[in-house]
2 protein chains.
Amino acid sequence: MNTKFDIKKVEKISKALGDPYRIRIMEAIKQEQDWMQCATIVDMFNLAQSTISHHVNQLVDADLLLTEKDGRNAKYKINKEVFNDYVQFLNNFKF
Amino acid sequence: MNTKFDIKKVEKISKALGDPYRIRIMEAIKQEQDWMQCATIVDMFNLAQSTISHHVNQLVDADLLLTEKDGRNAKYKINKEVFNDYVQFLNNFKF
DNA sequence: TTTATACATTTAAATATTTCGATATATTTA
DNA sequence: TAAATATATCGAAATATTTAAATGTATAAA
């Protein structure tokens with residue numbers, strides 16, 4: 001893939017994964033076969049809607065989540081390609 | 001490889017990798033065949049020795065680095081097992 | 001075409017992280 | 001034993017992140 005995968009990108013992705021709520025959001029979306037609705041995520045946690053919005057935005061900004069608008073609803077799914085690139089970067093440390 | 005790999009562990013590792021200096025420290029140590037001396041890392045960056053110590057400690061705390069004392073010197077190397085576990089966790093997002 | 005719904009954005013407070021200088025500790029060397 | 005060296009820890013300032021209330025915006029329903 002053509003993601004420019006430099007230190008900044010690694011930093012951004014790592015930071016995005018460096019919060020327990022955001023990890024749990026990712027895991028919840030992972031369970032879904034396809035897209036997960038924003039409202040479902042909001043219902044899932046005892047956090048203000050604005051806080052969830054903020055967390056989800058960080059995941060989208062780091063390209064860990066893909067998003068689409070569906071009328072007035074927003075939906076999210078895992079961006080598998082970016083995970084692939086990130087894992088590839090980390091694999092270098094294993095050898 | 002019996003690391004208890006829960007959300008807290010993922011959070012800690014991700015946070016540790018969420019800083020450009022720490023990523024560069026990891027990459028520098030990766031280059032070494034074996035251990036890297038603490039002093040080498042300190043010389044490598046334009047940061048106070050105490051700041052480097054702090055960063056390296058976060059990497060050690062997250063188990064990303066293994067450390068040993070060698071007289072009055074400290075040395076570090078990559079903990080490949082933990083990378084393996086972390087990558088394994090992340091791989092779940094790819095499928 | 002008003003009203004309700006779903007999300008995003010702004011603002012501000014609380015909390016956490018980064019950074020460095022000063023100091024402490026532990027080890028080696030003179 | 002004293003001085004020098006290597007690293008760690010402490011305390012404080014600067015900066016960044018987290019969180020939520022309030023508000024804004026776009027869409028759907030009545």
Side-chain angles (χ1 to χ4, degrees), chain A residues 7-29 32 34-79, chain B residues 7-29 32 34-79:
Chain A
I7 288 186
K8 278 213 166 156
K9 185 79 193 161
V10 174
E11 182 194 353
K12 196 156 197 180
I13 290 176
S14 304
K15 249 179 197 151
L17 290 173
D19 175 275
Y21 286 113
R22 290 196 293 271
I23 295 169
R24 286 168 64 198
I25 290 171
M26 290 303 296
E27 292 201 308
I29 296 176
E32 294 293 296
D34 203 38
W35 298 94
M36 176 170 263
Q37 294 298 125
C38 183
T40 311
I41 304 169
V42 171
D43 289 347
M44 198 167 276
F45 299 95
N46 197 17
L47 287 178
Q49 174 266 320
S50 59
T51 304
I52 297 286
S53 182
H54 171 78
H55 282 311
V56 167
N57 257 320
Q58 281 185 74
L59 293 168
V60 171
D61 277 1
D63 295 318
L64 291 173
L65 288 180
L66 297 168
T67 181
E68 260 184 31
K69 267 279 181 183
D70 200 5
R72 67 186 167 190
N73 304 306
K75 54 188 187 179
Y76 303 95
K77 71 172 174 185
I78 307 286
N79 183 353
Chain B
I7 288 186
K8 277 213 167 161
K9 185 80 192 160
V10 173
E11 182 194 353
K12 197 156 197 181
I13 290 176
S14 303
K15 249 181 197 149
L17 291 173
D19 175 275
Y21 286 112
R22 291 197 292 271
I23 295 169
R24 287 168 64 199
I25 290 170
M26 291 303 295
E27 292 201 308
I29 296 176
E32 295 292 296
D34 204 37
W35 297 94
M36 176 171 263
Q37 294 298 125
C38 182
T40 311
I41 304 169
V42 171
D43 290 347
M44 197 167 279
F45 299 95
N46 198 16
L47 285 177
Q49 175 267 320
S50 58
T51 305
I52 298 286
S53 181
H54 171 78
H55 282 310
V56 167
N57 257 319
Q58 280 184 75
L59 293 168
V60 172
D61 278 2
D63 295 317
L64 292 173
L65 289 181
L66 297 169
T67 180
E68 260 184 30
K69 267 280 184 181
D70 198 5
R72 66 186 166 192
N73 304 305
K75 55 187 186 179
Y76 304 95
K77 70 173 175 183
I78 306 288
N79 184 351

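So you know, we letter chains A, B, ... as the sequences are listed, proteins then strands, and number each from 1. These numbers were taken from a predicted model, which means no experiment stands behind them.
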(message) Without decimals, in angstroms, what is the distance between A/Leu65 CG and C/dC7 C1'?
(response) 15 Å
(message) Return whichever of A/Cys38 or A/Lys15 has its heavy-atom-nearest nucleotide of DNA chain C closer to the 5' end.
(response) A/Cys38
What does the list of N/O pairs under 3.5 Å between the protein and nucleotides 26-30 of chain C look like, with a distance for each?
from	atom 1	to	atom 2	distance (Å)
C/dT27	O2	B/Arg72	NH1	3.4

(message) As an exercise, state the distance from CD1 of A/Ile29 to CG of A/Asn79, rounded to the nearest 0.5 Å.
(response) 11.5 Å
(message) Show the nearest heavy-atom pair for residues A/Arg22 and A/Lys15, with the distance to one decimal.
(response) NH2-O, 3.1 Å
(message) Would you say that B/Lys75 contacts B/Asp34 through its side chain, given a criterion of any heavy-atom pair below 4.5 Å between the two side chains?
(response) no
(request) Select from B/Val42 and A/Asp19 the residue whose nearest nucleotide in DNA chain D is closer to the 5' end of that strand. (result) B/Val42
If you restrict it to nitrogen or oxygen atoms, what contacts under 3.5 Å exist between nucleotides 20-24 of chain C and the protein, and what is each distance?
from	atom 1	to	atom 2	distance (Å)
C/dC20	OP2	B/Ala48	N	2.8
C/dC20	OP2	B/Thr51	OG1	2.8
C/dG21	N7	B/Ser50	OG	3.4
C/dG21	O6	B/Ser50	OG	3.1

(request) Whole angstrom is fine here: how far is it from CZ in A/Arg24 over to P in D/dT18? (result) 15 Å
(message) Side-chain N or O of B/Asn57 versus OP1/OP2 of D/dT7: is the shortest distance under 4.0 Å?
(response) no
(request) Whole angstrom is fine here: how far is it from NZ in B/Lys75 over to P in D/dT7? (result) 12 Å
Check: protein-nucleotides 11-14 of chain D nitrogen or oxygen pairs below 3.5 Å:
none

(request) Tell me the partner of D/dA13, counting only Watson-Crick (N1-N3 plus N6-O4 or O6-N4) or G-U wobble (N1-O2 and O6-N3) with both under 3.5 Å; none if nothing fits. (result) C/dT18
